[in-house]
There are 2 protein chains.
Amino acid sequence: MAHTDIATPATADAAGVKSARRAVELLEAFGANHAWLSLTDLHHHTGIPRSSLHGLLRTLRDVGWIESDEPGTRFRLGVRALICGTAYLDRDPVMPYATDALERLRDQVGYTCHYARLNGPDIVYLQTRESRTSAHLVSRVGRTLPAHATALGKVLLAELADDELTAVLPKNLAALTELTITDRDELRSELAFIRERGYSTERGESSADKACVAAVVPYRIPGTDAMSCSMPGDRVTDAELQKVGSLLRDVAADLSQQLRRAGIR
Amino acid sequence: MAHTDIATPATADAAGVKSARRAVELLEAFGANHAWLSLTDLHHHTGIPRSSLHGLLRTLRDVGWIESDEPGTRFRLGVRALICGTAYLDRDPVMPYATDALERLRDQVGYTCHYARLNGPDIVYLQTRESRTSAHLVSRVGRTLPAHATALGKVLLAELADDELTAVLPKNLAALTELTITDRDELRSELAFIRERGYSTERGESSADKACVAAVVPYRIPGTDAMSCSMPGDRVTDAELQKVGSLLRDVAADLSQQLRRAGIR
DNA sequence: CAACGCCATTCACATATATGAACGAAAACA
DNA sequence: TGTTTTCGTTCATATATGTGAATGGCGTTG
């Protein structure tokens with residue numbers, strides 16, 4: 001059952017247009033569940049009464065943001081959500097510059113390169129250029145990963161002040177592999193080290209047999225965006241990691257200079 | 001006002017939950033406009049009263065689907081729209097197979113390859129694998145182009161029956177270049193030819209100096225998905241175009257067999 | 001410097017939505 | 001096959017939202 005507090009007008013959290021909030025809540029439920037969802041499934045996910053869901057779902061389906069099967073009782077995300085959501089990339093003036101920088105970087109190092117942004121405790125991949133030789137692309141535009149478990153995330157977390165870090169980190173640092181840093185103190189000292197050096201590295205912390213290097217793109221303070229190179233973890237030496245790290249730092253510094261010159265913040 | 005029937009003239013489908021419909025309408029307005037939008041801008045775009053917009057915008061901002069500047073009077077699309085929208089790709093069981101096929105194709109032909117889906121009169125790019133040597137990627141996941149102006153679109157339009165085609169085509173066939181087919185009869189005969197041959201080609205119809213070949217992935221009837229190769233238009237012969245065309249048809253047929261075997265429709 | 005126009009915001013009432021309960025159809029179970 | 005449960009759908013009313021007009025801040029114009 002949904003608990004709606006009666007007579008609490010002042011709480012900013014519960015404020016807003018209920019159906020609009022619910023529409024978005026539903027879209028996110030669909031984003032998080034890659035199967036057909038029935039009305040009752042959604043009721044369990046969101047706590048919204050089935051009778052209310054009925055109207056909302058038909059509305060969202062009519063505008064093409066969700067699709068239903070022929071009986072009209074199962075639903076899933078529709079193409080319009082993709083079309084509109086990816087427009088985020090077009091509206092962002094950073095992207096053309098970032099893409100160029102990414103291609104230059106990839107052509108120099110030969111590895112798969114990413115551009116990502118911090119969003120709360122997660123990083124969001126915004127753009128990728130794959131290695132000229134790689135087997136398979138692991139990531140995807142729009143995918144999120146826990147910041148503490150990735151080179152990209154760690155270098156961005158290192159931008160935060162101590163209290164900001166505390167505010168942003170989840171209660172439990174989820175382990176993606178056995179090597180993921182799950183201890184807050186360990187993470188803090190890792191971040192201090194990263195801050196010192198100007199780039200972050202990672203071996204098997206986000207995914208086994210993968211190594212990553214990342215550097216912040218310092219066009220904002222604190223930095224929100226970073227670039228990374230992803231490499232085969234078992235075939236890459238520490239020396240190589242560090243060589244790529246300083247190159248990365250240079251390319252990122254270059255990019256941010258371009259951005260600042262273009263007046264982009 | 002007591003008149004209920006007469007009072008709902010302009011809005012085509014007035015049914016559904018109004019605020020949910022409007023929330024989505026706003027998101028689409030943000031998707032189509034890559035600048036900061038003020039409340040009044042949005043009023044002009046959508047016709048929604050400013051006072052109503054006020055509440056809706058704050059709600060959408062609070063859930064992170066749009067962002068505002070510090071005064072809180074300008075808005076644009078937020079990251080959550082990207083994160084959720086791109087989940088469309090994960091929920092689609094076709095994608096892993098399509099990606100594999102795309103990589104195989106790219107490695108065989110060496111050109112940039114796309115996987116796309118028909119959505120009304122447009123195609124939507126779902127996945128891309130770039131040429132090992134190409135300079136720059138023109139397309140992007142989630143981007144749409146008019147179907148009649150692209151090889152991908154034409155081969156998918158060729159799947160439709162005559163009345164379906166009539167229903168789906170826009171009134172005016174927009175010209176992306178001077179070579180875009182803008183005449184309906186010309187388009188129809190082109191589609192007949194494509195149907196015959198099993199793949200479509202295009203030279204400079206969507207973009208100057210670009211040539212494309214596309215084939216339907218026949219795992220549904222009518223087909224909704226297609227694969228294409230995009231090549232430098234000035235450096236590619238007709239013979240090459242046709243060679244790639246039949247290879248493409250084979251790869252697409254292969255993929256659809258995999259999909260059918262996996263029970264995906 | 002004053003008046004104007006533009007715009008976000010607020011308010012009170014009219015309209016739209018939310019929802020618990022009820023219903024019937026279809027699965028699941030026995 | 002009979003019974004029970006589950007699920008989507010509908011309805012009437014309580015609640016939330018929509019909206020035109022009014023407000024006041026702010027930058028611009030005369």
Side-chain angles (χ1 to χ4, degrees), chain A residues 1-27 29-30 33 35-63 66-76, chain B residues 1-27 29-30 33 35-63 66-76:
Chain A
M1 305 258 180
H3 32 216
T4 32
D5 288 357
I6 321 163
T8 40
T11 45
D13 199 29
V17 179
K18 195 195 275 191
S19 349
R21 223 181 29 249
R22 283 178 164 180
V24 165
E25 189 181 354
L26 282 174
L27 291 174
F30 285 113
N33 288 278
W36 290 101
L37 295 178
S38 73
L39 200 145
T40 306
D41 293 336
L42 288 162
H43 168 63
H44 289 130
H45 261 282
T46 61
I48 302 173
R50 295 201 311 262
S51 50
S52 312
L53 282 171
H54 191 252
L56 284 170
L57 289 171
R58 297 178 88 92
T59 304
L60 289 176
R61 188 194 52 188
D62 291 349
V63 295
I66 61 175
E67 300 169 351
S68 68
D69 57 3
E70 299 81 30
T73 67
R74 303 287 142 129
F75 301 86
R76 62 180 187 184
Chain B
M1 316 267 178
H3 37 260
T4 48
D5 289 345
I6 320 168
T8 50
T11 45
D13 46 341
V17 179
K18 195 196 274 192
S19 347
R21 220 177 36 245
R22 284 179 163 180
V24 164
E25 191 182 354
L26 282 175
L27 291 175
F30 284 113
N33 287 278
W36 290 101
L37 295 177
S38 73
L39 200 146
T40 305
D41 294 335
L42 289 162
H43 169 62
H44 290 131
H45 261 281
T46 60
I48 302 172
R50 292 200 305 261
S51 50
S52 312
L53 282 170
H54 191 253
L56 283 170
L57 289 171
R58 296 179 86 93
T59 304
L60 289 176
R61 189 194 52 188
D62 291 349
V63 296
I66 61 177
E67 299 169 351
S68 67
D69 57 3
E70 300 80 32
T73 68
R74 304 287 142 127
F75 301 86
R76 61 180 187 183

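Below, chains carry the letters A, B, ... as their sequence lines are ordered, and counting in each starts from 1.
The CG atom of B:Leu53 lies 6.0 Å from the CG atom of B:Leu26; values are rounded to the nearest 0.5 Å. Considering CG of A:Leu57 and CD1 of A:Ile66, their distance stands at 4.5 Å, rounded to 0.5 Å.
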Might you list the N or O atoms of the protein lying below 3.5 Å from N or O atoms in nucleotides 25-28 of chain D, with each pair's distance?
none

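In this structure B:Arg22 satisfies the side chain to side chain contact (heavy atoms under 4.5 Å, CB included) test together with B:Lys18, B:Glu25, B:Ile48, B:Pro49, B:Ser52, B:Leu56, sequence neighbours excluded. With sequence neighbours excluded, the residues that form a side chain to side chain contact (heavy atoms under 4.5 Å, CB included) with B:His54 are B:Leu39, B:Arg58. Applying the side-chain hydrogen bond (donor to acceptor under 3.5 Å, both in side chains) criterion to A:Arg74, with sequence neighbours excluded, gives no partner residue. Considering only residues two or more places apart in sequence or on other chains, B:Asp41 meets the side-chain hydrogen bond (donor to acceptor under 3.5 Å, both in side chains) condition with B:Ser38. Under the side chain to side chain contact (heavy atoms under 4.5 Å, CB included) criterion, B:His44 pairs with B:Thr40, not counting sequence neighbours.
Scanning all heavy atoms of the two residues, the minimum distance from A:Thr46 to A:Leu42 falls at OG1-O, 2.7 Å. Closest of all the heavy-atom pairs between B:Trp36 and B:Glu67 is CZ3-O, 3.8 Å.
Between the two ends of the helix from C:dC1-D:dG30 to C:dA30-D:dT1, each summarised by a five-pair axis, the helix axis turns through 40° (rounded to 10 degrees).
The backbone N or O of B:Val17 lies less than 3.5 Å from a partner atom in the side chain of A:Thr59, making a donor-acceptor pair.
What separates CG of B:Leu56 from P of D:dT17 is a distance of 10 Å, to the nearest Å. Residue B:Leu53 contributes atom CG, which lies 10 Å from atom P of D:dG18 at whole-angstrom precision. For A:Leu60 and C:dT17, the CG to C1' distance is 15 Å, given to the nearest whole Å. Taking atom NE2 of B:His43 as the reference point, atom P of C:dC7 lies 10 Å away to the nearest angstrom. Here the C1' atom of nucleotide D:dT19 and the CD1 atom of B:Ile48 are 12 Å apart, to the nearest Å. At whole-Å resolution of the value, CG in B:Asp69 and P in C:dA8 are 10 Å apart.
Residue-level contact check: A:Ser52 touches the bases, meaning some heavy atom is under 4.0 Å from a base atom.
Between B:Arg21 and the choices A:Leu60, A:Val63, A:Asp62, the side chain to side chain contact (heavy atoms under 4.5 Å, CB included) rule is met once, by A:Val63.
Between B:Arg21 and C:dT17 there is no side-chain polar atom (N or O) within less than 4.0 angstrom of OP1 or OP2. Within the structure, every side-chain polar atom (N or O) of A:Ser19 is placed at least 4.0 Å from both OP1 and OP2 of D:dA16. Residue A:Lys18 places no side-chain N or O under 4.0 Å from the OP1 or OP2 atom of D:dG18.
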Handout entry: Per-nucleotide protein contact string for nucleotides 6-12 of chain D, where B marks a base within reach and S marks sugar-phosphate only (heavy atoms under 4.0 Å, - for neither)
Key = -SBSB--
